[in-house]
Amino acid sequence: MRKKVVAGNWKMYKDKSETIELISGLKEKLSKFNSEVEVIICPPFTSIEIAKELLKGSVIHLGAQNMHFEDEGAFTGEISAKMLKSFGVEYVILGHSERRSIFREDDKMINKKVLKAVSVGLKPIFCIGETLEERENNKTFDVIARQLTEGLSSISNEHLNEIIVAYEPVWAIGTGKTATPSQAEEVHKYLRKLIEEKFGRSFAESMRILYGGSVKPDNAKELFSQPNIDGGLIGGACLKADSFYDVINSAV
Ligand code: 13P
């Protein structure tokens, strides 16, 4: 049985006092939560330190939203995997479609980041997904197969266990347009088959594949109950304690 995961990607939201408010609210809501669902929050870099402090003794895990693939150097504005690790970060989102489209990250660069992350002990939440144009041109499976193959290229079996895959169709992100449970399940099933072909059956059975894209309290339960959907990567609905908690509860 795969343990379900619900991860919140805060994106570029929440300053320091808003971070304190949201985490306090979540901790209160989750204080009696003893389910098998793994809960992760990924605040912006500026909130990592305070988040780590506030999450002490809580069931919530901490992730970041991006990192550079070098350990250090003249890379103005960047943050390394090693730096994140030194602040007690456990997960890192890599390959998010906003990084791919706005910041021009390609599969090669994302692969370097994935390999660097696992080498320092960070667990990647590795995102893939097609655009609307790609879907309309029947390219969905080709695109996600390429993203998965290139993004996870050269990864060792030892580190493969630490990867969480997130399927986020670009057309469903922040648009209010969710993939239907059967549309999402179709892709997740295909991904699991692909993982089996590439890495073998036991990895395919154990790897968590999350769905992301306009997941809300009112659609989460149906999505999360599909056989190949192991939870979600949540944007908008993770910015309020109430709605994030309701999404988490939909995975129970
Ligand atoms: P929304 O839930 O706001 O659509 O964002 C999804 C997402 O991009 C999570 O990484």
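For ligands, and for the atoms within them, numbers begin at 1 and follow the listed sequence.
A salt bridge is defined here as a Lys NZ or Arg NE, NH1 or NH2 lying under 4.0 Å from an Asp or Glu carboxylate O, and K123 with E90 meets this definition. Ion pairing between D107 and R100 holds under the 4.0 Å rule for side-chain N and carboxylate O.
Note: H188 and Y167 have perpendicular aromatic rings, judged against thresholds of 30 and 60 degrees for the angle between ring planes.
Side-chain atoms of Q65 come within 3.5 Å of backbone N or O of C42 as a donor-acceptor pair.
Under a 4.0 Å criterion applied to the non-hydrogen atoms of E168, ligand 1 contributes the atoms 6 (C), 7 (C), 8 (O), 9 (C), 10 (O). The K11 neighbourhood of ligand 1 comprises atoms 5 (O), 6 (C), 7 (C), 8 (O), with distances under 4.0 Å to a heavy atom of that residue. Of all the atoms in ligand 1, the ones that sit under 4.0 Å from a non-hydrogen atom of G174 are 1 (P), 3 (O), 4 (O). Which parts of ligand 1 touch G236 is read off a 4.0 Å heavy-atom cut-off, strictly below it: atoms 1 (P), 2 (O), 3 (O).
Proximity of A172 to ligand 1, defined as any heavy-atom pair under 4.0 Å, is confined to the backbone N, CA, C and O atoms. The part of N9 lying near ligand 1 is the side chain, judged by heavy-atom distances below 4.0 Å.
For ligand 1, none of its N or O atoms has an N or O atom of G213 under 3.5 Å away. Geometrically, ligand 1 and E98 share no nitrogen or oxygen pair separated by less than 3.5 Å. Ligand 1 has no nitrogen or oxygen under 3.5 angstrom from a nitrogen or oxygen of L233. The shortest N or O to N or O distance between I234 and ligand 1 is not below 3.5 Å. Backbone and side-chain nitrogen or oxygen atoms of S214 are examined, and one is located within less than 3.5 angstrom of a nitrogen or oxygen of ligand 1.
Looking at heavy atoms from C-beta onward, F69 lies out of side-chain contact with V114 at the 4.5 angstrom threshold.
When each of K189, R192, E186 is tested with N228 by the rule side-chain hydrogen bond (donor to acceptor under 3.5 Å, both in side chains), just one qualifies, namely R192.
Of the protein's heavy atoms, G235 N, 2.9 Å lies nearest to atom 2 (O) of ligand 1.
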May I have the step-by-step check of side-chain hydrogen bond (donor to acceptor under 3.5 Å, both in side chains) for E130 and W171, ending in yes or no?
CA-CA 8 Å; E130 82 287 1; W171 48 272; 2.9 Å; yes

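Counting heavy-atom neighbours within 6.0 Å of E21 CD, excluding the residue itself, gives a total of 12 or less.
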